Undergrad: 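The following block contains the structure, expressed as structure tokens.
No experiment lies behind these values; they were computed from the predicted model shown.
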Amino acid sequence: MPRAMSIRPLPVVRTVAELRAIVAGWRAAGERVALVPTMGALHAGHLSLVDLAGRLADRTVASIFVNPAQFAPHEDFDAYPRGEDRDAALLADAGCDLLFAPSAREMYPAGFATAVSVATGVSEPLEGVSRPHFFGGVATVVAKLLIQAGPDVAIFGEKDYQQLLVIRRMARDLDLPVEIIGAPTTREADGLAMSSRNAYLTPEERAAARALPAAMRYAVAALRDGGEAVDVEGAVMASLTGAGFGRIDYVEIRDGETLERLGPGPVSPGARVFVAAWMGKTRLIDNWAV
Ligand code: AMP
């Protein structure tokens, strides 16, 4: 029998004041609260975060906010997929208790002038080079969401592994009283990491994109076999190019905690392979633990 969709509509609030009033009620009842921030266009990866939240807390708030501050002018802010009704039904079915879906004006009122920046360290390489505006936008909006919702735990996907590290650093540096939890990446049957942006791929591009998880699998196996990081990076780049990926922003093997480059010789435990590459007009990112 198909799983019944939830009959309970998901409460939606659009202001910080309403969000705070509901969370305060839960807290007064002694309940633990989890937050799952998203940009919507939800897929099974997002819902796995909601599921984990439900196991870690009594109440789960999901947020949907396509944050203009983390898109550069030439990026896909306008085209980014949006569909709140569908998202709300999926969230209700996954056990979410509340959707916070603020307007841009609610998040960035006239005169908004403050930025949170993780200035050095984990924010610098990889996405920090390819998308220099990105982590400033992310750190600012996530700091705001954490202050607005005041959760005990907040869940972020390892799919955006560097983002998870940047948010951990930010929460620690600002003494935000929240535990930041990383959740494993949900993948399609061929290994491609689920992403809202996969919807941009044509059927041909989607078929070719399976070369990305295949290259990641190869890289992990080669590194475990004692392969040198530079050789493996070169081989991954060549196989992605051969499979039809155009621009490759990076293929880099780095330490999974500090994101520092590794020295020559066998890679140390805790290393990770990070890739960002373009299939047609779609930028795909992924990372695998060695
Ligand atoms: P986004 O809506 O893309 O900003 O993602 C919202 C959250 O979902 C972030 O913490 C992402 O890392 C996480 N996420 C996105 N894709 C996946 C996936 N395939 N598996 C697990 N988490 C994911």
Side-chain angles (χ1 to χ4, degrees), residues 2-3 5 36 38-51 62 64 66-67 70-72 74-91 93-94 126-127 130-131 134 138 156-164 183-222 232-253 272-289:
R3 193 164 161 225
M5 284 297 279
V36 179
T38 82
M39 298 203 299
L42 302 183
H43 50 65
H46 296 112
L47 300 177
S48 76
L49 271 47
V50 173
D51 185 64
I64 296 181
V66 186
N67 175 30
Q70 69 192 64
F71 289 78
H74 63 276
E75 291 185 341
D76 58 344
F77 176 75
D78 290 331
Y80 199 84
R82 291 164 172 89
E84 189 182 297
D85 291 348
R86 175 185 168 276
D87 288 345
L90 290 170
L91 288 168
D93 199 38
L126 306 171
E127 295 296 289
S130 303
R131 303 181 70 196
F134 178 66
V138 167
F156 296 87
E158 289 182 353
K159 158 77 174 25
D160 302 285
Y161 189 87
Q162 187 179 12
Q163 169 176 282
L164 168 65
T185 302
T186 304
R187 298 179 178 281
E188 305 282 0
D190 64 358
L192 185 69
M194 288 190 181
S195 164
S196 306
R197 290 190 167 102
N198 292 354
Y200 300 152
L201 297 169
T202 65
E204 295 72 28
E205 289 170 345
R206 171 63 189 84
R210 69 186 313 162
L212 177 54
M216 296 300 253
R217 264 187 224 106
Y218 154 80
V220 169
V232 173
E233 289 168 355
V236 167
M237 240 179 250
S239 75
L240 292 179
T241 304
F245 280 85
R247 195 166 107 212
I248 295 176
D249 284 347
Y250 54 79
V251 174
E252 290 182 22
I253 296 150
R272 272 186 114 88
V273 187
F274 296 89
V275 173
W278 292 78
M279 176 53 73
K281 292 191 173 123
T282 308
R283 185 173 186 272
L284 300 177
I285 64 168
D286 200 358
N287 67 93
W288 285 45

Undergrad: I need the minimum non-hydrogen distance between L201 and A209, along with the two atoms involved.
TA: CD1-CB, 4.4 Å
Undergrad: If you look at every heavy atom in L126 and Y250, which pair is closest and at what distance?
TA: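 Here L126 and Y250 meet closest at C-CE2, 3.5 Å.
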Undergrad: Whether the side chain of R247 engages the backbone of R283 through a donor-acceptor N/O pair (distance < 3.5 Å, no angle test) should be reported.
TA: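 Answer holds: no.
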Undergrad: Would you say the side chain of V275 lies within less than 4.5 Å of the side chain of L240, judging by non-hydrogen atoms?
TA: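 Of all side-chain heavy-atom pairs linking V275 with L240, at least one is under 4.5 Å.
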Undergrad: As an exercise, state the distance from CG of L192 to CG of L212, rounded to the nearest 0.5 Å.
TA: 6.5 Å
Undergrad: At their closest point, which heavy atom of A183 faces which heavy atom of L49, and how far apart are they?
TA: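 Closest heavy-atom pair between A183 and L49: CB-CD1, 3.6 Å.
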Undergrad: Donor-acceptor check, side chain of S196 to backbone of A41, threshold 3.5 angstrom: yes or no?
TA: yes
Undergrad: Starting at CD of E84, measure out to CG of L91 and round the result to the nearest 0.5 Å.
TA: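 That separation rounds to 9.5 Å.
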Undergrad: Heavy-atom distance under 4.5 Å between the side chains of L90 and H46, does that happen here?
TA: no
Undergrad: Does any non-hydrogen side-chain atom of R206 lie less than 4.5 Å from one of D190?
TA: yes
Undergrad: Spell out, as yes or no, whether a donor-acceptor pair under 3.5 Å connects the side chain of Q162 to the backbone of E127.
TA: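 A pair under 3.5 Å: yes.
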Undergrad: Just verifying a value: how many Å separate F274 CZ and I285 CD1, rounded to the nearest 0.5 Å?
TA: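 Atom-to-atom, F274:CZ and I285:CD1 are 10.0 Å apart.
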Undergrad: Knowing that exactly one of K159, R187, R217 qualifies, which makes a salt bridge (charged side-chain N to carboxylate O under 4.0 Å, His left out) with D286?
TA: R187
Undergrad: Between A219 and V236, what is the shortest heavy-atom contact and its length?
TA: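 It is CB-CG2, 3.7 Å.
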Undergrad: Can you tell me how far apart CD (E233) and CD (E252) are? Round to the nearest 0.5 Å.
TA: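 Answer rounded to 0.5 Å: 6.5 Å.
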Undergrad: Just verifying a value: how many Å separate F77 CZ and M39 CE, rounded to the nearest 0.5 Å?
TA: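 One finds 9.5 Å between CZ of F77 and CE of M39.
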Undergrad: What's the shortest heavy-atom distance between V220 and A289, and which atoms?
TA: CG2-O, 3.6 Å
Undergrad: Between Q163 and F134, is the side-chain contact (heavy atoms from CB on, under 4.5 Å) condition met? List the steps.
TA: CA-CA 9 Å; Q163 169 176 282; F134 178 66; 3.6 Å; yes
Undergrad: Roughly how far, to the nearest 0.5 Å, is the CG atom of N287 from the OG1 atom of T185?
TA: 6.0 Å
Undergrad: Less than 4.5 Å apart, any side-chain heavy atom of V66 and any of F71?
TA: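 Side-chain contact under 4.5 Å: yes.
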Undergrad: Yes or no on side-chain contact (heavy atoms from CB on, under 4.5 Å) for L284 and F245, after CA distance, side-chain angles and deciding distance?
TA: CA-CA 10 Å; L284 300 177; F245 280 85; 4.0 Å; yes
Undergrad: Is the shortest heavy-atom distance from the side chain of N67 to the side chain of V138 under 4.5 Å?
TA: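 No, their side chains stay 4.5 Å or more apart.
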Undergrad: Is the side chain of N198 donor-acceptor paired with the backbone N or O of A193 at a distance under 3.5 Å, no angle test?
TA: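 Yes, N198 side chain to A193 backbone: donor-acceptor pair under 3.5 Å.
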Undergrad: Do Y80 and R197 have side-chain heavy atoms sitting under 4.5 Å apart?
TA: yes
Undergrad: Return yes when atom CZ of R210 has more than 12 non-hydrogen atoms of other residues, nucleotides or ligands closer than 6.0 Å, and no otherwise.
TA: no
Undergrad: Could you please spell out the steps behind the salt bridge (Lys or Arg N to Asp or Glu O under 4.0 Å) verdict for E75 and R131?
TA: CA-CA 10 Å; E75 291 185 341; R131 303 181 70 196; 2.7 Å; yes
Undergrad: Looking at G40 and D87, what are the two nearest heavy atoms and their distance?
TA: CA-OD2, 3.4 Å
Undergrad: Evaluate the criterion salt bridge (Lys or Arg N to Asp or Glu O under 4.0 Å) for residue pair R272 and E158; output intermediate values, then yes/no.
TA: CA-CA 11 Å; R272 272 186 114 88; E158 289 182 353; 3.7 Å; yes
